[in-house]
Amino acid sequence: MKATAIILAAGEGTRMNSDMPKVAHEVLGVSIIEHVVAAAQAAGVERVVVVTGHKADVVEALLPGLEFARQNEQHGTGHAVMCALEAVGELAGPVVILAGDVPLIRPETISSLVETAASTKAACVVLSARFPDPTGYGRIIRDASGQVTGITEHKDLPAELLGMDECNVGSYCFDGAALSAHLHRLEASNAQAEYYLTDLVALFASEGLGVRAVITDDVDESHGVNSRVQLAEVTRVLQRRINERHMLAGVTMISPESTWIAPGVTLGRDVILEPMTFLMGEVSVGDRAHLGPNTRITDSTIGADARVDSSILLGADVGVGASVGPVAYLRPGAVLAARAKAGTCVEIKNSIVGENSKVPHLSYIGDATIGSGVNVGAGTITCNYDGVAKHRTIIEDGVFIGSDTMLVAPVRIGEGAITGAGSAIARDVPAGALGIERTEQRNVTGFAERRRKQTKRDE
Ligand code: UD1
Ligand code: CA
């Protein structure tokens with residue numbers, strides 16, 4: 001689509017009561033402004049210009065590679081667009097203008113604004129919605145024949161018109177040439193002493209340039225975020241939208257209300273999600289994987305038929321048929337190969353656990369390479385850090401690590417070797433050998449009986 005999008009994101013968002021700019025707040029792990037940019041890009045817009053001002057550096061850092069226009073003082077939405085044109089020059093062709101604080105706007109809605117502008121030759125197409133409570137919104141004014149003649153801000157509305165409920169959502173498609181030609185005619189003679197972009201509508205209408213309003217059938221998509229209450233509402237709506245899409249595609253959710261999935265998550269067929277499952281960032285889940293309850297997975301890959309129960313996974317890669325939890329913690333660089341297991345109270349970081357290898361109970365595995373068919377006994381710890389640097393532990397195929405082994409890295413356990421329970425293994429164990437480090441056990445005959453008698457006498 002040969003269109004430019006101008007996204008307005010210079011405002012402060014006072015009602016958020018936040019040190020962060022409003023559009024940097026997140027909805028399901030993605031900032032509000034990134035949602036809007038993604039929608040514009042998904043609609044096929046060729047060029048995106050974001051107007052920034054309040055805490056501009058924070059907002060711009062969220063959007064690497066985009067074009068920005070600075071609006072250092074915020075004198076209204078019309079002024080914001082003036083700043084955009086100053087920065088990028090006059091624009092020809094369709095110019096989509098979007099509010100940066102409306103995260104649920106859908107790509108198909110943006111496309112429909114552009115298509116309506118093309119098919120009707122309108123110089124401006126406005127997206128409108130009928131809100132049960134229109135308070136605060138600008139209202140679409142139509143003449144007796146239904147033609148749009150202007151937009152009046154709530155604060156400038158005479159009392160008898162307050163009941164009008166067709167609201168301006170703040171998303172438009174302008175003809176670039178008409179926009180460039182008329183923008184300088186805006187005046188700040190209104191209740192807020194701001195340059196209103198919306199005043200262009202009446203200007204266009206009086207000049208005989210076509211103006212249309214497209215009423216959205218999805219009222220939810222047009223809600224701006226002005227407070228944390230609205231942030232929570234918008235999050236709920238997006239949660240429902242995303243969860244329904246996955247359920248319709250073949251995912252079972254035991255409790256969709258308590259399942260939270262970010263937009264960048266892909267789920268296979270017949271995946272089952274138990275209550276209180278959170279999938280954030282970029283997560284991809286294979287067919288028939290079964291996740292949760294009480295599980296948080298961020299930026300990870302989960303293979304088909306894997307099982308993850310009551311665990312936290314950050315930057316992990318879980319193989320086909322692998323098993324995680326209950327209560328495992330997989331940190332960045334944790335890789336479980338096919339059918340591997342990270343069991344109860346196991347923490348794994350920057351390590352590979354080979355095919356069919358098991359770390360079933362109470363272990364810390366950091367900076368290790370574990371081959372296939374390895375059994376790591378309960379309570380095993382890789383001592384990977386000497387206080388200065390991290391070192392690797394290598395465990396070759398078919399090794400049996402006894403319970404409560406301390407593997408003092410750097411150390412290598414050769415293929416098929418065994419370590420004795422309770423050993424601190426600080427030197428390499430050759431293939432096929434037993435590595436054991438333990439003081440001799442002494443049994444003192446009759447000791448227990450003698451102590452019991454002694455204790456009785458003392459009483
Ligand atoms: C605007 C519309 C109103 C519409 C409402 C929908 C105008 C004059 N009014 O009002 O008709 O019903 O949106 O939510 O356009 N912004 C800037 N620079 C500025 C002012 C605003 O970048 O100088 C940005 C804000 O950061 C925000 C967006 O523009 O992302 C909308 O601004 P906001 O102040 O929320 O507009 P409203 O007064 O709500
Ligand atoms: Ca305002």
Side-chain angles (χ1 to χ4, degrees), residues 310-312 322-337 339-459:
S310 307
S311 293
I312 297 176
S323 159
V324 179
V327 200
Y329 181 26
L330 304 191
R331 291 165 47 205
V335 178
L336 301 190
R339 296 170 304 283
K341 178 182 174 106
T344 315
C345 301
V346 168
E347 176 177 341
I348 301 183
K349 175 219 96 172
N350 189 30
S351 296
I352 299 166
V353 180
E355 271 185 42
N356 297 307
S357 289
K358 294 180 169 48
V359 188
H361 332 273
L362 301 161
S363 288
Y364 170 63
I365 304 296
D367 305 304
T369 303
I370 300 179
S372 61
V374 169
N375 195 301
V376 177
T380 294
I381 287 172
T382 53
C383 311
N384 59 325
Y385 186 49
D386 58 14
V388 180
K390 301 274 169 70
H391 302 283
R392 284 201 84 77
T393 299
I394 314 280
I395 302 175
E396 295 182 355
D397 295 348
V399 163
F400 182 93
I401 302 287
S403 293
D404 194 32
T405 298
M406 299 294 122
L407 296 159
V408 184
V411 70
R412 173 186 291 267
I413 315 298
E415 189 172 339
I418 295 174
T419 67
S423 298
I425 302 292
R427 280 184 291 136
D428 290 357
V429 179
L434 165 70
I436 185 157
E437 181 277 338
R438 226 188 252 163
T439 45
E440 203 66 32
Q441 180 174 333
R442 197 161 63 96
N443 291 337
V444 183
T445 316
F447 174 87
E449 187 62 14
R450 284 201 300 281
R451 194 180 67 174
R452 271 193 288 274
K453 281 186 184 146
Q454 178 70 44
T455 321
K456 271 227 173 79
R457 266 203 302 278
D458 291 349
E459 275 168 2

Using every non-hydrogen atom in the two residues, find where Val411 and Val408 come nearest and quote the distance to one decimal.
CB-O, 3.4 Å

Set out, in order, the CA-CA distance, both residues' side-chain angles and the distance that settles side-chain contact (heavy atoms from CB on, under 4.5 Å) for Gln441 and Asn443, then state yes or no.
CA-CA 7 Å; Gln441 180 174 333; Asn443 291 337; 3.2 Å; yes

Check this for me: does any side-chain nitrogen of one of Glu449 and Arg452 sit under 4.0 Å from a carboxylate oxygen of the other?
yes

Rounded to the nearest 0.5 Å, what's the gap from OG on Ser323 to NZ on Lys341? Could you check?
4.0 Å

Under 3.5 Å donor-acceptor, Arg392 side chain and Asn384 backbone
no

Quick check: are there more than 12 heavy atoms from other residues, nucleotides or ligands sitting under 6.0 Å from NZ of Lys349?
yes

Under 3.5 Å: donor-acceptor pair, side chain of Ser423, backbone of Glu437
yes

Whether the side chain of Asn356 engages the backbone of Gly373 through a donor-acceptor N/O pair (distance < 3.5 Å, no angle test) should be reported.
no

Short question: side chain of Ser351, backbone of Ala368 - any donor-acceptor pair under 3.5 Å?
yes

Correct closest heavy-atom pair for Val346 and Leu362 would be CG2-N, 3.7 Å

Restricting to non-hydrogen atoms, name the atom on Ala340 and the atom on Gly354 that form the minimum distance, rounded to 0.1 Å.
CB-O, 3.6 Å

So, using side chain to side chain contact (heavy atoms under 4.5 Å, CB included) as the criterion, who are the partners of Asp397 when residues are at least two apart?
Ser372, Glu415

Do any N or O atoms from the side chain of Ser363 and from the backbone of Thr380 form a donor-acceptor pair under 3.5 angstrom?
yes

Please round to the nearest 0.5 Å and tell me the distance separating atom CD1 of Ile395 and atom CD1 of Ile401.
4.0 Å

Minimum heavy-atom separation for Gly325 and Ser311, please, with both atom names.
CA-OG, 3.4 Å

Counting only N and O atoms by type, is there a donor-acceptor contact under 3.5 Å from the side chain of Thr344 to the main-chain atoms of His361?
no

Shortest non-hydrogen separation from Ala342 to Ala328 and the atoms involved:
O-CB, 3.9 Å

Could you give the distance from CD1 (Ile348) to CG (Leu330), rounded to the nearest 0.5 Å?
5.5 Å

Just verifying a value: how many Å separate Glu396 CD and Arg412 CZ, rounded to the nearest 0.5 Å?
5.0 Å

For the pair Asp367 and Thr382, evaluate side-chain contact (heavy atoms from CB on, under 4.5 Å) and give the outcome as yes or no after the intermediate values.
CA-CA 8 Å; Asp367 305 304; Thr382 53; over 6 Å; no

Testing the basics here: between Ala417 and Val429, what is the closest heavy-atom pair and its distance to 0.1 Å?
CB-CG1, 3.8 Å

Quick one, Ile413 with Leu407, criterion side-chain contact (heavy atoms from CB on, under 4.5 Å). Give me CA distance, side-chain angles, the key distance, then yes/no.
CA-CA 9 Å; Ile413 315 298; Leu407 296 159; 3.9 Å; yes

Under the side-chain hydrogen bond (donor to acceptor under 3.5 Å, both in side chains) rule, collect the residues that match up with Arg450, sequence neighbours excluded.
none

Hey, is the main chain of Gly371 close enough, under 3.5 Å, to the side chain of Ser357 for a donor-acceptor pair?
yes

Hey, what do you get for CD1 (Ile352) to OG1 (Thr369), rounding to the nearest 0.5 Å?
5.0 Å

For the pair Ser403 (side chain) and Ala421 (backbone), establish whether a donor and an acceptor sit closer than 3.5 Å, ignoring hydrogens and angles.
no

How long is the span from the CD1 atom in Ile370 to the OG1 atom in Thr393, to the nearest 0.5 Å?
8.5 Å

Checking Asp386 against His391 for the side-chain hydrogen bond (donor to acceptor under 3.5 Å, both in side chains) test, could you report, in this order, the C-alpha distance in whole Å, the side-chain angles of both residues, the deciding distance, and whether it holds?
CA-CA 8 Å; Asp386 58 14; His391 302 283; 2.7 Å; yes

Let's go through Leu336 and Val324 carefully: what are the C-alpha distance in whole Å and the side-chain angles of both, what is the deciding distance for side-chain contact (heavy atoms from CB on, under 4.5 Å) to 0.1 Å, and is it a yes or a no?
CA-CA 9 Å; Leu336 301 190; Val324 179; 3.6 Å; yes

